[in-house]
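Worksheet for the structure shown next.
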Amino acid sequence: MDYVLETKSLLKSYRHVEALSGVDMHVPKDSIYGLVGRNGAGKTTLMRVVAGMQKENGGTYLLFGVDKNSREIKKERKRVGAMIESPAIFHDLSAEDNLKMQYRILGLPSFDTIPEILSTVGLENTGNKKAGSFSFGMKQRLGIAMAIAGNPDLLILDEPINGLDPEAIVEMRELILRLNREMNMTIIVSSHILDELAKVATYYGFIDSGRMVKEVSAVDMEKECRKALRIKVESIEKSAIALTSLGNDYSVIDDNTLDIFGDIGIKEVLDVLSGAGIKDIEKRNENLEGYFINTMGGCV
Ligand code: ATP
């Protein structure tokens, strides 16, 4: 497979904390790679290191097949754009002037493509309005505009939908898909909102305690996802007792809802849970959140 980014036993320690403990990551060309992990798992550190914002303490990584210690890496770094933590924007400047600043920093020869970038991120009508007065969603989109100013082949986005309202989340999702499909960018994106990540990601990397626990394509994950019956009951306690006789794995979703995993018939469930007051049964496949919990244990 053609990898845009590959990390090999990547190590990064802060004074008392080992944030990356030998990460092996493989980001396929043209993918939207969802980086999933709990708070403190090492996602931001990993993104900062491969974006060249921090130096690793061990291991290495390859960008577009070129080792970071090679002389040619400088050229490949120009093919990477990133928005990590908060968007790197100047609050006293308009969107256009922010981009002019970024173009100068990148040494781009002309400002001709600025209108196109503003329109790509949906900020074409912001005129002289200063970025400081933008909504949070607009600031995030301006941050992405800054990150894509050099027309990168790899775009790294750390929690781009964190804190956005539902409408802004949809806009961000559409933007990510457009950048990937129409502008051919491979994108690494981290998010805590797994349902949302599942709407865009074509690959996943599950990271825990500074280690890559699993990498899987969305297609394979779907195949691996366990079948489940989601059941609404009056009494979870009575259900739990009855379910011990069934032997299937199950997980309690809330006070009245549980998922029973495995190949199990509705009739069998009705028989076993007859005393628990079944209100509804729905067939479903485990989602990304369930898969995450199974792969990593505990909650995201
Ligand atoms: P979150 O989702 O909360 O941002 P994360 O997966 O991005 O988490 P990191 O921010 O990479 O995780 O942090 C990994 C570990 O390194 C954590 O234990 C964190 O406390 C620690 N860490 C991160 N940055 C620093 C720093 N500058 N100095 C010391 N420790 C740090």
Side-chain angles (χ1 to χ4, degrees), residues 4-27 31-63 68 77 80-89 136-137 139-141 143-144 146-147 154-165 168-169 172-173 176 186-201 203-216 221 287-300:
V4 161
L5 167 70
E6 198 177 345
T7 74
K8 295 183 175 179
S9 307
L10 207 58
L11 284 172
K12 174 70 192 172
S13 300
Y14 299 106
R15 230 159 19 125
H16 303 292
V17 185
E18 192 170 77
L20 302 179
S21 312
V23 172
D24 295 312
M25 181 192 201
H26 307 82
V27 180
S31 64
I32 298 181
Y33 186 103
L35 191 58
V36 184
R38 296 187 187 86
N39 283 339
K43 303 179 295 296
T44 304
T45 303
L46 178 56
M47 288 178 157
R48 288 179 66 88
V49 168
V50 298
M53 296 159 77
Q54 261 175 342
K55 203 169 158 13
E56 70 288 345
N57 302 114
T60 191
Y61 59 90
L62 285 75
L63 286 172
K68 68 139 315 231
R77 282 210 187 285
V80 181
M83 182 175 76
I84 298 179
E85 288 158 327
S86 48
I89 58 178
F136 187 61
K139 284 181 189 155
Q140 290 290 87
R141 281 184 280 129
I144 292 190
M146 304 285 268
L154 171 63
L155 178 63
I156 301 175
L157 302 174
D158 186 17
E159 299 275 358
I161 58 174
N162 218 4
L164 296 183
D165 63 35
I169 287 181
M172 185 60 75
R173 183 202 312 156
I176 289 172
T186 301
I187 302 178
I188 302 174
V189 55
S190 68
S191 178
H192 276 101
I193 308 173
L194 298 189
D195 276 355
E196 198 49 49
L197 200 57
K199 289 179 187 154
V200 295
Y203 271 81
Y204 294 98
F206 294 89
I207 184 169
D208 194 27
S209 304
R211 289 181 196 282
M212 188 59 77
V213 177
K214 178 158 185 158
E215 292 184 295
V216 64
M221 191 185 88
N287 61 10
L288 176 57
E289 194 154 337
Y291 188 86
F292 175 86
I293 291 167
N294 266 329
T295 307
M296 323 275 268
C299 294
V300 67

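Note that ligands are numbered from 1 as they come in the structure, with each ligand's atoms numbered from 1 the same way.
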Under 4.0 Å between a Lys/Arg side-chain N and an Asp/Glu carboxylate O for Asp158 and Lys43?
no

Between Tyr204 (side chain) and Met221 (backbone), is there a donor-acceptor pair under 3.5 Å?
no

I'd like to know if the side chain of Ser191 reaches the main chain of Leu197, judged simply by a donor and an acceptor atom lying under 3.5 Å from each other, with no hydrogens or angles considered.
no

Nearest protein heavy atom under 4.0 Å from atom 19 (C) of ligand 1, yes or no:
no

Geometry only, no angles: is Val17 polar-contacting ligand 1 at N/O separations under 3.5 Å?
no

For ligand 1, does Arg15 get within less than 4.0 Å through its side chain, its backbone, both, or neither, judged by non-hydrogen atoms?
neither

Correct closest heavy-atom pair for Met83 and Ala147 would be N-CB, 4.2 Å

I'd like to know whether ligand 1 has Glu18 as a neighbour, heavy-atom separation below 4.0 Å.
no

NZ of Lys199: more than 12 outside heavy atoms within 6.0 angstrom?
yes

Heteroatom distance test (Gly42, ligand 1): nitrogen or oxygen, under 3.5 angstrom
yes

Glu159 backbone acceptor or donor facing Ser190 side chain under 3.5 Å
yes

Residue, atom and distance of the protein heavy atom nearest atom 3 (O) of ligand 1 read Asn39 OD1, 3.3 Å

Counting non-hydrogen protein atoms only, what is the nearest one to atom 2 (O) of ligand 1? Give residue, atom name and distance.
Lys43 NZ, 3.0 Å

Could you tell me which non-hydrogen atom of Ile161 sits nearest to which non-hydrogen atom of Glu196, and how far apart they are?
CD1-CG, 3.2 Å

Does ligand 1 have any atom that is closer than 4.0 Å to a heavy atom of His192?
yes

With the side chain counted from C-beta on, respond yes when Thr7 and Met212 share a heavy-atom pair under 4.5 Å apart, and no when they do not.
no

How far is atom 16 (O) of ligand 1 from the closest protein heavy atom, and which atom is that?
Ala19 CB, 3.4 Å

Is the backbone N or O of Leu62 less than 3.5 Å from a side-chain atom of Glu6, with the two atoms forming a donor-acceptor pair by type?
no

Atoms of ligand 1, numbered as shown, that sit under 4.0 Å from any heavy atom of Ala41:
5 (P), 6 (O), 12 (O)

Of all protein heavy atoms, the one nearest atom 31 (C) of ligand 1 is Tyr14 CD1, 3.1 Å

Nearest protein heavy atom to atom 13 (O) of ligand 1, by residue and atom, and its distance?
Thr45 OG1, 3.9 Å

Enumerate the atoms of ligand 1 whose separation from the nearest heavy atom of Arg38 is less than 4.0 angstrom.
6 (O)

Do protein heavy atoms approach atom 24 (N) of ligand 1 to less than 4.0 Å?
yes

Kindly say whether Leu164 contributes a backbone atom to a donor-acceptor pair with the side chain of Gln140 at under 3.5 angstrom?
no

Which residue and atom name correspond to the protein heavy atom nearest atom 10 (O) of ligand 1, and how close is it?
Thr44 CB, 3.7 Å

Protein contact of atom 14 (C) of ligand 1 - nearest heavy atom, named by residue and atom, plus distance
Gly40 O, 3.4 Å

